[in-house]
There are 2 protein chains.
Amino acid sequence: MGKIKKYHQIQEYIKKRIQTQKYPPGSYLPSENEFCVQFGTTRTTVRKALDELLKEGFIEKEHGKGSKVLERGKYLGLLSVKGFSGSTDYKVKTKVTEEPKIVAWDPLIVFPLSEDEKSSQCVYFQRVRYIDDKPVVLENNWYALNALEPIKSNEFVEGSFFKTLSQEYLIEIMGAEQELRSVKASVDIAKKLGIAVGAPILHISIRFRTSRPNLNLYGDLYCNTTEYPIRNSYFL
Amino acid sequence: MGKIKKYHQIQEYIKKRIQTQKYPPGSYLPSENEFCVQFGTTRTTVRKALDELLKEGFIEKEHGKGSKVLERGKYLGLLSVKGFSGSTDYKVKTKVTEEPKIVAWDPLIVFPLSEDEKSSQCVYFQRVRYIDDKPVVLENNWYALNALEPIKSNEFVEGSFFKTLSQEYLIEIMGAEQELRSVKASVDIAKKLGIAVGAPILHISIRFRTSRPNLNLYGDLYCNTTEYPIRNSYFL
DNA sequence: CTACCCACATTGTACAGACAAGTTAAATAT
DNA sequence: ATATTTAACTTGTCTGTACAATGTGGGTAG
């Protein structure tokens, strides 16, 4: 029985307005009391909704001031290249080296696919990340065609695939699993990253779980960590 | 001004009893109403305390049943070797190769030390983790002497340094930052891990932040990921 | 004996109100 | 004009209550 929870309705309403930039990052939400009037409820319920958004990382609260909309994208615990998003120091560029296209699943993927996924075809695209005009990360991406249509790279919101998912499709990252290996660069990867064959490379296999049922994003990253190590931080 | 928050007192009371095994893992806490009587308060306040413990990962709640004490140690987002703690598949052993001793800070540490830490001496110990009797991880550890006394390895609770901190010193991990690099094995590391010199090795520099002010734990890990990749998962 | 139902304990949601504590800007005093 | 006080508004804490939803075990009807 899909029970309607009032706090959940409020939570989803606010979340949608954040995702669609009606409440842009950095701005303050209406006060708790204003939401009470708007939804005909009490602060207890509104605060419960805001607490959930807090846990999901959409907002932060400031005592005596209000609830501020956060910049989305610092996925807690997610691996990120040192300097990424702290983009003042480095110039980060992304080039799509293989446009999204429909292919068969690649056996490279180390995570077991669901039956739904196996029965579907697969959308694949490849990107290379540059820092200071030097290639640092080679990135292969896959997802099931029956869960999400192919998206042309020139339609990416601000060039970001994840931002596109959030703002255009209202899909959020719920979690991820990763496997990390240190390997020697193959000929192909060495060429694409401009390094020596056999140089030590960090290989990351990753599966993102999303808020859309049956949609997982699979990634296969090769990182040249000699100059730009991978960073990862998280807090409880 | 008495900034004592009632829910925080209850939260700390329950946390201490969990850490000292008065409420052992797997057991159920007293019901919310029992805590209400015990602390002379209402369910709203007790539930706030339990919500905090939920967020900290000490308990989980089961609708209609109660609040269950969780096994501590699956630090969200923490890197762990595949198979670690899922110890049914693999035999994991830890050998302390260098007993805790007082030394000067090692320049290997990539994180900036606080003034407090720099002015203190440093406790160092080294461990090697084995899976199926094969060495997989070489681990250097440091922390400031003025923040925590040296602990002999034979006093570790169940051989675990983190369990010792939690149960004997009531110190919890609050978060961590990591830097990951893929490097070639040096002569020393190759010997200790039983691999070829120059083999690709995952180098992890990590700083744990703890609930004790001024106490950070610094780690420097070298992982042979060819057979046992590093795993990392997290969920929102 | 089995299957069902019901009472009971537990957590989940929601309402209504009170006061504390932090922030800000307008009003006031110097 | 500047500094201080005040008032208004915000989020934080807490009380008290009611009912809903879920899990458990015992009693009852078959």
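FYI, side chains are in, hydrogens and waters are out, and symmetry mates aren't considered; it's all heavy atoms of this structure. Since the structure is predicted, the reported quantities are computational estimates derived from the model, not experimental observations. The chains referred to below are lettered A, B, ... by the order of the sequence lines, with proteins before strands, and numbering in each begins at 1.
For the pair A/Tyr7 OH and D/dA20 P, the computed distance is 18 Å after rounding to whole Å. Rounded to whole Å, atom P of C/dA21 lies 11 Å from atom NZ of B/Lys5. Taking atom CG on A/Leu29 and atom P on D/dT11, their separation rounds to 9 Å, with Å as the unit. Atom NZ in A/Lys48 sits roughly 11 Å away from atom C1' in C/dT11 (whole-Å rounding). Going from atom NZ of B/Lys68 over to atom C1' of C/dT11 covers 15 Å, rounded to whole Å. Atoms CG (A/Asn33) and P (C/dA16) sit 13 Å apart, rounded to a whole Å. In this entry the distance linking CD of A/Gln9 with P of C/dT13 reads 13 Å, nearest Å. Between A/Glu52 atom CD and C/dT13 atom C1' the separation is 12 Å, expressed in whole Å.
Checking B/Tyr218, B/Trp105, B/Phe125, B/Tyr124 one by one against B/Trp142, the ring pair (Phe, Tyr, Trp, His ring centres under 6.0 Å) holds for a single residue, B/Tyr124.
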Quiz item: Are B/Phe162 and B/Phe208 close enough, and set up right, to give a ring pair (Phe, Tyr, Trp, His ring centres under 6.0 Å), and what steps lead you there?
Solution: CA-CA 11 Å; B/Phe162 286 124; B/Phe208 292 100; 5.1 Å; yes
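Taking the side chain of A/Glu32 as heavy atoms from C-beta on, and the options D/dT11, D/dT13, C/dG12, the nearest nucleotide is D/dT11. Nearest nucleotide to the B/Thr45 side chain, out of D/dT22, C/dT13, D/dT15: D/dT15. The side chain of A/Lys61 lies closest to D/dT11, out of C/dT11, D/dT11, C/dA14. Nearest to the side chain of A/Arg47, among D/dG12, C/dA14, C/dT11, sits D/dG12.
B/Asp116 and B/Asn146 make their closest contact through O-ND2, 3.4 Å (heavy atoms, listed as atom of the first residue, atom of the second, distance). Of all heavy-atom pairs between B/Gln11 and B/Ala49, the closest is N-CB, 3.8 Å.
A donor N or O paired with an acceptor N or O is not found under 3.5 Å between the base of D/dT22 and the side-chain atoms of B/His63.
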For nucleotides 16-18 of chain D, give me every protein contact, N/O to N/O, under 3.5 Å, one pair per line with atom names.
none

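For A/Tyr169 and A/Glu149, the side-chain atoms include at least one donor-acceptor pair closer than 3.5 Å.
Listed pair A/Lys65 / C/dT24 meets the phosphate criterion, a side-chain N or O lying under 4.0 Å from OP1 or OP2. Distances shown here put a side-chain N or O of A/Lys6 below 4.0 Å from the OP1 or OP2 atom of C/dC15.
Annotation: side chain of A/Thr225 is not in contact with side chain of B/His203 (no heavy-atom distance under 4.5 Å).
By the salt bridge (charged side-chain N to carboxylate O under 4.0 Å, His left out) test, A/Lys65 is found to be paired with A/Glu62, residues two or more places apart in sequence or in another chain being considered.
Using five terminal pairs a side, the axes of the helix from C/dC1-D/dG30 to C/dT30-D/dA1 at its two ends make an angle of 10°, given in steps of 10 degrees.
Taking the ring axis of A/Tyr23 as reference, the NZ or CZ atom of A/Arg17 stays within 45° of it and closer than 6.0 Å to the ring centre. With B/Tyr130 as the aromatic partner, B/Lys93 does not meet the cation-pi criteria of under 6.0 angstrom to the ring centre and within 45 degrees of the ring axis.
Under the 3.5 Å distance criterion, the side-chain polar atoms of A/Arg212 are matched with a main-chain donor or acceptor of A/Ala147.
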